[in-house]
Amino acid sequence: MAQKLDKIFDSFVENNLFKDKRVLQTNYTPDTIPHRDNQIENVASILAPALRGDRVSNLFIYGKTGTGKTLSVQHVTNELMKRVSDSKSDNLKVVYINCKLKKIADTEYRILAEIINSLGGSVPITGLPTDAVYNKFVDMIDDKRQNVILILDEVDQAIKKISDSFLYTLTRLNSDLKNAQIGIVGISNSLTFMDCLDPRVRSSLGEEELVFPPYNALQLIDILRERSKTAFVDGVLGEEVISKCAAYAAREHGDARRALDLLRVAGELAERTQSKKIEEKHIDEANSKIEKDKMLDIIENEPRQFQLVLMAIMDLTEDKNFDKIYTGNIYNKYQEICEKTKNEILTQRRISDIIAEFDMLGIINADVVSKGRQGRTRVIKLMLSESLKKKAREILLGNLNI
DNA sequence: CGAGATTCATGTGAAGTATACCTTTAGGCTTAA
DNA sequence: AAGCCTAAAGGTATACTTCACATGAATCTCGTA
């Protein structure tokens, strides 16, 4: 056994394709961000007043995933902070919150709590009145003259769940502050997000707006080339592999993060199969693996009741007796499963909401249809590939101890 | 035959409930002067 | 008397339930041609 492990470790050390894998990881911030000079300059000039202690205009940024929004903003704020720490003053704070993270920042309360946490304070998980949390936030930053830049990544996700009054309160917060000032930077994936906001919020939050267009294939190639220089050992990555990678990502609305993930996973796969080079087939494999992992991760971390519902949906999908699945079918199946597994049965009302959430996650596709005399319901389609279904089923079976 | 009424199965919104957790407050106990 | 601990009181967020009303096209009904 030990020999076997030795062999694995040996080959791992010898056959290292990566020079520095971190460069390809999502949380890595590169020194240069190609093809985003314009946007970065814009962001910088909008946030720059903070250096003089002036109020920062609220900024709203649109763009699809992986178009460098987060990266550019972080780059600019990093530079800002560098300047500030050089000048030895500490009247600028930058808070970055990703509103999408489930269980961390998906309600008004949790977002606020998260903001306070990253400012160094602490707030209990639950139990406090929301306005008490607002007050705490105000107290924390208003003790001296300073600027706070609040970056809300993926606000659209949060606003969908919470109401937009949250943003309104935030924008109004400035009038409660005597010393400090806050500037809000909202980042959204959805281009139409602003349209469904309250006009008051729209006007105050959208003082400045910026659109990040998707990268095209050529720009993606540039990015990949740049990063792969430091990420991989020379010669393991051919030019044609890079273009294939870029092509994949360009198809996926120019998502650079996706492209980098592809490259990283492809590298890992190549390493694992003892390959000396990364080849095009690795990219293909990586593509399906990423898709799979992402979904499986979501499914695995879903609460129990959600998993039960998903299990019901999967069972029905397999069942040849149903060519179309309706909410009622799911509910019946769900009850069956609950009885079998001795789980509590929730009401149909709740299941309806759970189904809606799965729809949001893209695990299923649910369309409301009216079938005349047969009433109104949703037609539900499971959106998982065959192999994914199998893996997902394994996870569910394990988690629900069936 | 066609317009309007009916109907079904569930969508959807609002309000209420249970649970888990929080802060405040007051009482009781200990401690030290 | 001061300090500390504990339990009760009073409050909130969240996940869920209950109630009630909204939907929208297939189907039924009935007046009319």
Side-chain angles (χ1 to χ4, degrees), chain A residues 97 99-117 119-140 152 157-170 196 198 298-313 316-317 319 321-339 341-361 363-382 399-400:
Chain A
I97 305 285
C99 303
K100 199 181 69 177
L101 298 176
K102 215 172 178 181
K103 292 284 165 201
I104 295 180
D106 62 349
T107 67
E108 180 174 9
Y109 184 94
R110 285 176 185 158
I111 291 175
L112 272 175
E114 191 57 24
I115 292 172
I116 292 177
N117 271 336
L119 281 171
S122 75
V123 167
I125 327 147
T126 170
L128 242 51
T130 308
D131 42 342
V133 184
Y134 270 109
N135 287 336
K136 175 147 190 179
F137 173 58
V138 170
D139 286 349
M140 276 189 79
L152 300 173
Q157 299 284 329
I159 296 309
K160 246 186 259 167
K161 297 199 83 171
I162 327 165
S163 79
D164 57 2
S165 62
F166 163 62
L167 281 181
Y168 184 64
T169 321
L170 268 186
C196 51
D198 188 299
I298 293 174
I299 292 172
E300 180 149 25
N301 292 317
E302 215 64 20
R304 160 163 295 229
Q305 289 293 348
F306 282 61
Q307 295 191 347
L308 287 163
V309 175
L310 187 59
M311 193 69 206
I313 296 174
L316 289 176
T317 313
D319 198 328
N321 295 326
F322 297 88
D323 64 326
K324 279 193 175 156
I325 305 173
Y326 303 118
T327 307
N329 307 140
I330 294 179
Y331 191 60
N332 290 337
K333 192 77 187 180
Y334 159 79
Q335 282 177 305
E336 232 175 82
I337 295 177
C338 282
E339 303 230 321
T341 57
K342 305 252 185 311
N343 272 297
E344 203 186 337
I345 299 173
L346 301 185
T347 51
Q348 180 148 350
R349 178 70 186 82
R350 180 63 186 144
I351 302 307
S352 177
D353 282 348
I354 291 179
I355 290 175
E357 291 207 34
F358 275 136
D359 190 25
M360 288 247 289
L361 286 172
I363 295 176
I364 62 172
N365 202 332
D367 286 325
V368 186
V369 292
S370 183
K371 297 185 297 146
R373 229 52 224 278
Q374 269 69 255
R376 229 161 80 97
T377 181
R378 288 188 178 111
V379 178
I380 284 117
K381 248 168 71 189
L382 191 60
N399 271 2
L400 304 170

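Chain letters run A, B, ... following the sequence lines, proteins first and then strands; every chain starts at 1.
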Please report the distance, rounded to the nearest Å, between [atom1] in [X] and [atom2] in [N].
| X | N | atom1 | atom2 | result |
| --- | --- | --- | --- | --- |
| Leu112(A) | dT12(C) | CG | P | 16 Å |
| Asp367(A) | dT23(C) | CG | C1' | 16 Å |
| Tyr109(A) | dA15(C) | OH | C1' | 16 Å |
| Ile345(A) | dT17(C) | CD1 | P | 10 Å |
| Tyr134(A) | dA13(C) | OH | P | 11 Å |
| Tyr331(A) | dC16(C) | OH | P | 13 Å |
| Leu308(A) | dC16(C) | CG | C1' | 15 Å |
| Glu344(A) | dC16(C) | CD | P | 9 Å |

* Should the pair Lys333(A) and Phe322(A) be classed as cation-pi, given the thresholds of under 6.0 Å to the six-membered ring centre and 45° from the axis? -> no
Could you list, one pair per line, each protein nitrogen or oxygen that sits under 3.5 Å from a nitrogen or oxygen of nucleotides 8-12 of chain B, together with the distance?
| residue | atom | partner | partner atom | Å |
| --- | --- | --- | --- | --- |
| dC8(B) | O4' | Arg373(A) | O | 2.8 |
| dC8(B) | O2 | Gly372(A) | O | 3.1 |
| dC8(B) | O2 | Gly375(A) | N | 3.1 |
| dA9(B) | O4' | Gln374(A) | O | 3.2 |
| dA9(B) | N3 | Arg376(A) | N | 2.9 |
| dT10(B) | OP1 | Gly328(A) | N | 3.0 |
| dT10(B) | O4' | Arg376(A) | O | 2.8 |
| dG11(B) | OP1 | Thr327(A) | OG1 | 2.4 |
| dG11(B) | OP2 | Ser352(A) | OG | 3.4 |
| dT12(B) | OP2 | Arg378(A) | NH2 | 3.1 |

* For residues Tyr334(A) and Gln305(A), is any side-chain donor paired with an opposing acceptor at under 3.5 Å? -> yes
* Asked: Does Glu302(A) offer a backbone N or O that forms a donor-acceptor pair with the side chain of Gln307(A) under 3.5 Å?
  -> yes
Please name the pair of heavy atoms, one in [X] and one in [Y], separated by the smallest distance, quoted to 0.1 Å.
| X | Y | value |
| --- | --- | --- |
| Ile364(A) | Asp359(A) | O-OD1, 3.2 Å |
| Ile313(A) | Ile325(A) | O-CD1, 4.2 Å |
| Ile355(A) | Ala366(A) | CG2-CB, 4.4 Å |

* Pick base, sugar-phosphate or nothing for Ile330(A), based on heavy-atom distances below 4.0 Å to the nucleic acid. => nothing
* With respect to the phosphate group of dA25(C), does any side-chain polar atom (N or O) of Ser370(A) fall under 4.0 Å of OP1 or OP2? -> no
